[in-house]
Amino acid sequence: MAVWQGLCLCAVDPHNVTGAVEFLLLGLSDDPQVQPILFGLFLSMYMVTVTGNLLIVLAVGSDARLHTPMYFFLSVLSVTDIGFISSTVPKMIWDIHTQSRGMAYAGCLAQLSSFNLLGCLDSVLLTVMAYDRFVAICHPLHYPVIMNPRLCGLLALASFLISLVESQLNVLVISQLDFCPVVEVPHFFCDPPQLLKLACDDTSTQNILIYIIAALFGALPASGIFLSYYKIVSSIVKVPAKGGRHKAFSTCGSHLVVVCLFYGTGLGVYLSSTLPQASRNGVVASVVYTVVTPMLNPFIYTLRNRDMKRALQRLLPRTVPM
């Protein structure tokens, strides 16, 4: 493309005509020789992600021994991950296949809304799962009473509502921007920081609002996770037996790995978006955040989890080695 740096193609009037605006998603590469490789790679990763997370949902639903708060939230997280990757990757795969990269204004806002909703839901669910581990380790005798089905349902509902507010705030900010009739986006999806750079008017206020929203809805869940694990570690170090400490830590290991992966890549995307000349690095970081992380989560939660392995062995044919 001639305009990789993210310049909008303005005619005479730079103001937004909502129904006429078209976004051209430039994707990862416009090299014809690279396109088949990208198509096969992302299609494979998408299928692995959907299959892996769907197996977790089916295993939790089919095994009565997994009907606990921890696995309930894990199944909700898996459904969220399927939606999260589905908000961006199928469109990119279709664009590579058809060589048609256009997206209407309404479609861009819809993608932005679903992407932010499910990304924020991932973050809040990880916080809820950290709280679940805190109650299980620090208050084991009261765990069944505290983490009752009603509370688990309310926590899941509250997580969704919080994420919905975050996503709609982002949509509201972006919808106030003026765009040129045709906008080339140096990304594979409608990313809010990129759209702010491509607007044809002053976006200083919107920039501040977007980063306040990101900091608020990102920092609060992260603080909740940190506080939960601070309490968990403080409780575990008081356990006299080393075996007891190891068992307590092992129940948190998978969750900690997922937290580090999710927030580490998310922070990379956030920091790269603040640099004006880091479009390519931002796209690569977004691939890890939106594609690789949801794909790895099922492996992280099942490889060292005996209960999940047994449930999957009962669910899958005997010929499939686990």
Side-chain angles (χ1 to χ4, degrees), residues 3-26 84 87-88 102-124 159-224 263 265-283 285-286 289-290:
V3 191
W4 172 257
Q5 298 298 325
L7 299 177
C8 52
L9 307 179
C10 296
V12 178
D13 184 7
H15 293 290
N16 176 27
V17 183
T18 303
V21 174
E22 182 181 20
F23 295 92
L24 299 179
L25 304 177
L26 301 184
F84 185 52
S87 66
T88 57
M103 177 178 280
Y105 179 82
C108 186
L109 289 184
Q111 185 185 67
L112 185 151
S113 176
S114 60
F115 175 79
N116 281 278
L117 168 65
L118 296 163
C120 183
L121 185 55
D122 254 338
S123 175
V124 180
S159 300
F160 175 79
L161 293 177
I162 291 171
S163 304
L164 183 63
V165 170
E166 191 269 350
S167 68
Q168 294 311 301
L169 286 175
N170 275 284
V171 170
L172 180 62
V173 172
I174 298 299
S175 65
Q176 303 304 309
L177 299 175
D178 292 330
F179 293 99
C180 306
V182 179
V183 183
E184 291 190 341
V185 183
H187 218 301
F188 62 92
F189 68 95
C190 290
D191 186 38
Q194 289 294 336
L195 297 180
L196 286 171
K197 295 176 184 178
L198 297 170
C200 292
D201 52 4
D202 178 52
T203 61
S204 55
T205 301
Q206 286 86 350
N207 265 297
I208 294 173
L209 290 174
I210 284 290
Y211 287 112
I212 288 176
I213 294 170
L216 180 64
F217 287 90
L220 288 180
S223 300
Y263 279 98
T265 55
L267 185 62
V269 173
Y270 176 82
L271 293 178
S272 62
S273 67
T274 62
L275 304 176
Q277 302 300 327
S279 296
R280 174 61 63 179
N281 293 335
V283 172
S286 295
Y289 178 65
T290 60

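Position 1 is the first residue of the sequence; numbering continues from there. Values reported hereafter were calculated over all heavy atoms of this structure, with side chains retained and with hydrogens, waters and symmetry mates removed.
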Please give me the minimum heavy-atom distance between [X] and [Y], naming the atom from each residue.
X	Y	value
H187	S286	NE2-OG, 3.2 Å
L109	V171	O-CG2, 4.0 Å
G102	E22	CA-OE2, 3.6 Å
F84	T290	CE2-CA, 3.9 Å
S163	V124	OG-CG2, 4.1 Å

Please report the interatomic distance [atom1]([X]) to [atom2]([Y]), rounded to the nearest 0.5 Å.
X	Y	atom1	atom2	answer
T205	Q176	OG1	CD	11.5 Å
Q194	F23	CD	CZ	12.0 Å
L169	F217	CG	CZ	5.5 Å
L216	L220	CG	CG	5.0 Å
I174	Q206	CD1	CD	8.0 Å

With S123 via side chain to side chain donor-acceptor pair (under 3.5 Å) - residues at least two apart: Y263
side-chain contact (heavy atoms from CB on, under 4.5 Å) against L164, all qualifying residues, sequence neighbours excluded: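 Expected list: L117, F160, S167, Q168.
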F115 and F189 aromatic ring geometry - parallel, tilted or perpendicular at 30°/60° bounds: tilted
